[in-house]
Protein chains: 2
Amino acid sequence: MSHEKEKKLAQARAKVIKALAHPTRIFMVDLLSREDLSVTELTEAVGADVSTVSKHLSLLKQSGILIDRKDGNRVHYSLVCPCIMEFIHCIDDVIYGEAERGMSCLLPKGSEAR
Amino acid sequence: MSHEKEKKLAQARAKVIKALAHPTRIFMVDLLSREDLSVTELTEAVGADVSTVSKHLSLLKQSGILIDRKDGNRVHYSLVCPCIMEFIHCIDDVIYGEAERGMSCLLPKGSEAR
DNA sequence: ACTCTATTTGGCATATTTGCCAAATTACCA
DNA sequence: TGGTAATTTGGCAAATATGCCAAATAGAGT
């Protein structure tokens, strides 16, 4: 069976994308794209239990999306790669497409018809 | 508690990203970024049960990522928005960053927060 | 040492997701 | 009309993910 290499790649990609696949985690990434924040600050913004937020952050860190930095008592998280937000804006294109059914992103691929 | 608007957005984003958060589905999207394929063709490439593949495709369609087109007996799926692959390539940057811990996505475009 | 505050971890009950089988559906063709 | 290939759907058991509580850990200041 071919495609073995592509399948491995897909697995690695899935691991990262899964880490983003949660409303709270996306929200936090969005916030962190503007400024670094501590767990407490994120917890307030999110409005969930601290332990829950901590686990979300841990997941995002393990996936290579965030890094943490100790600052005395606190831990600040920040985006490793700002391109994540570009990525997410691309998702927004899909959302628009869903709503308007006209077309969404950059180029029509020549396969509309509907 | 503010951020209500951003949270709604995060929810919409999560719906789309969740649809991508599976190795098989990413693999299929990758294949479809090169050419449209039928369910049978995708099933062969993926190596899972047809019903499983069909359900994956249905999910991707419902999320606005794919559209289907009937062709006689068959159904061909294709990417609605090619930008999805950019998104995925950005994910690759994160994967590299994970492996090399050096730096990854030295941005091709004007980025750096926004 | 004791006390806060901040963060992480363990445990667990409750959702959600996944993937296979079998059965239903749809379209083509003889 | 019957037969066959292509696709979807229903159902269900097994695997994962989620979120809260309680308990553990870490740092700063007294």
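All chains are named by letter (A, B, ...) in the order of the sequence lines, taking the proteins before the strands, and each is independently numbered beginning at 1.
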Could you list the residues that satisfy ring-ring contact (aromatic ring centres under 6.0 Å, His included) with B:Y77, not counting sequence neighbours? none

Run the ring-ring contact (aromatic ring centres under 6.0 Å, His included) test against A:H22 and tell me which residues pass, sequence neighbours left out. A:H56

The helix from C:dA1-D:dT30 to C:dA30-D:dT1: angle between its terminal axes, five pairs each, to 10°? 20°

Nearest-Å distance, [atom1] ([X]) to [atom2] ([N])?
X: B:F27; N: C:dT18; atom1: CZ; atom2: C1'; result: 18 Å
X: B:H22; N: D:dT16; atom1: NE2; atom2: P; result: 11 Å
X: A:Q11; N: D:dT16; atom1: CD; atom2: C1'; result: 15 Å
X: A:K61; N: C:dT8; atom1: NZ; atom2: C1'; result: 10 Å
X: A:Q62; N: D:dA17; atom1: CD; atom2: C1'; result: 15 Å
X: A:L59; N: C:dT8; atom1: CG; atom2: P; result: 13 Å
X: A:L60; N: D:dA17; atom1: CG; atom2: C1'; result: 14 Å
X: A:L20; N: D:dA17; atom1: CG; atom2: P; result: 14 Å

If only atom types and distance count, is the side chain of A:K55 paired as donor or acceptor with the main-chain N or O of A:V50 below 3.5 Å? no

Check for a donor-acceptor pair, side chain of A:K7 on one end and backbone N or O of B:T24 on the other, with a separation under 3.5 Å. no

I want to check one thing: is the phosphate of [N], taken as OP1 and OP2, less than 4.0 Å away from some side-chain N or O of [X]?
X: B:H56; N: C:dG19; answer: yes
X: A:Y77; N: C:dT8; answer: yes
X: A:H76; N: C:dA6; answer: no

Reading nucleotides 21-30 of chain C from 5' to 3' and marking B where a protein heavy atom lies under 4.0 Å of the base, S where only the sugar-phosphate is that close, and - otherwise, the string is BB---SBS--

Heavy atoms, side chains only, cut-off 4.5 Å: are B:R25 and B:L59 in contact? yes

Between A:L57 and A:D68, is the side chain to side chain contact (heavy atoms under 4.5 Å, CB included) condition met? List the steps. CA-CA 9 Å; A:L57 290 168; A:D68 58 344; over 6 Å; no

Got a sec, which pairs hit side-chain hydrogen bond (donor to acceptor under 3.5 Å, both in side chains) with one end in residues 12-21 of chain A, sequence neighbours left out? A:R13-B:D30, A:R13-B:D92

Non-hydrogen atoms of B:H76 and B:S38 that approach each other most closely: ND1-N, 3.7 Å

Nearest of D:dT7, C:dG19, C:dT17 to any side-chain atom of B:K18? C:dT17

Which part of the nucleic acid, if any, lies within contact of A:S58, taking any heavy atom under 4.0 Å across all strands shown: a base, the sugar-phosphate backbone alone, or nothing? nothing

The side chain to side chain donor-acceptor pair (under 3.5 Å) partners of A:S58 (sequence neighbours excluded) come to none

